[in-house]
Amino acid sequence: MSSYQKKFQQESAHPDAQPEPEQRIRLTLHSTDLKAIERVCTDFVRAAQTKKFKTCGPVRLPVRKLRITTRKTPCGQGSKTWDKFELRMYKRIIDIFGTSAQLNSISNLAPVEHNVDVEVVLCE
């Protein structure tokens, strides 16, 4: 059997096999630490680009600020002094384009720090 016939048999073995469609995988990152979320974003984008994924982002969404104002004195006596506390929540979105079979390797792209939450959504 010639090499051409072997190649033809391998290609015709799965005539209905079609390449998987490319899908968008959206990574949403949440954190209260700005440096940590930026570090994780750059790690994800760099690792995705080394594996030849098409990436879009990180998109920086507006900072959500939780503000709490409370009285300093617990009993209400004395001068009226107030404490102001603020918690800043940062959010980033990264889109990675690839097939669903490549989704398994996306979770292992970059190390994630303990104070960064990552949500993975497969968009059609």
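None of the values given here were measured: they were computed from a predicted structure. Reckoned from all heavy atoms, side chains included, excluding hydrogens, waters and symmetry mates.
Hydrophobic clustering (ILVMFWY, side-chain heavy atoms < 4.5 Å, transitive): V40 and V63 are in one cluster.
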- Task: Determine, step by step, whether R26 and I93 satisfy the side-chain contact (heavy atoms from CB on, under 4.5 Å) criterion, reporting the C-alpha distance in whole Å, the side-chain angles of both residues, the deciding distance to 0.1 Å, and the verdict.
- Result: CA-CA 7 Å; R26 176 163 281 184; I93 294 177; 3.6 Å; yes
- Item | Derivation of the side-chain contact (heavy atoms from CB on, under 4.5 Å) call for L27 and I96 | CA-CA 8 Å; L27 302 173; I96 300 174; 3.7 Å; yes
- Output, in order, the C-alpha distance, side-chain angles, deciding distance and verdict of side-chain contact (heavy atoms from CB on, under 4.5 Å) for V120 and L122. CA-CA 7 Å; V120 179; L122 185 63; over 6 Å; no
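In terms of the salt bridge (Lys or Arg N to Asp or Glu O under 4.0 Å) criterion, R71 has no residue partners (sequence neighbours excluded). Legend: residues meeting side-chain contact (heavy atoms from CB on, under 4.5 Å) with R64, ordered by chain and number and at least two apart, are M89.
G57 and V45 get closest at one heavy-atom pair: O-CG2, 4.1 Å. Summarising the geometry of C123 relative to Q23, their closest heavy-atom pair is O-CB, 3.8 Å, with the distance given to 0.1 Å. The nearest pair of heavy atoms linking R39 to T42 is O-OG1, 2.8 Å.
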Enumerate, atom names and distances included, each donor-acceptor pair closer than 3.5 Å involving a side-chain atom of residues 78-87, sequence neighbours excluded.
residue : atom : partner : partner atom : Å
E86     : OE1  : R67     : NE           : 3.0
E86     : OE2  : R88     : NE           : 2.9
E86     : OE2  : R88     : NH2          : 3.2

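Put simply, the side chain of K54 does not reach to within 4.5 Å of the side chain of Q49, judged on heavy atoms. For the pair L29 and I94, the minimum side-chain heavy-atom distance is below 4.5 Å. With a 4.5 Å cut-off on side-chain heavy atoms, V112 and F44 count as touching. Residues C56 and F97 form a side-chain contact, since some pair of their non-hydrogen atoms from C-beta on lies under 4.5 Å apart.
Of the inter-residue distances, the one linking T32 atom OG1 with D117 atom CG reads 9.0 Å to the nearest 0.5 angstrom. The line from OG of S31 to NZ of K91 is 13.5 Å long, rounded to the nearest 0.5 Å. Atom OG1 of T28 sits about 8.5 Å away from atom CG of L61, to the nearest 0.5 Å.
Salt bridge E38/R60: present, at least one basic N to carboxylate O contact under 4.0 Å.
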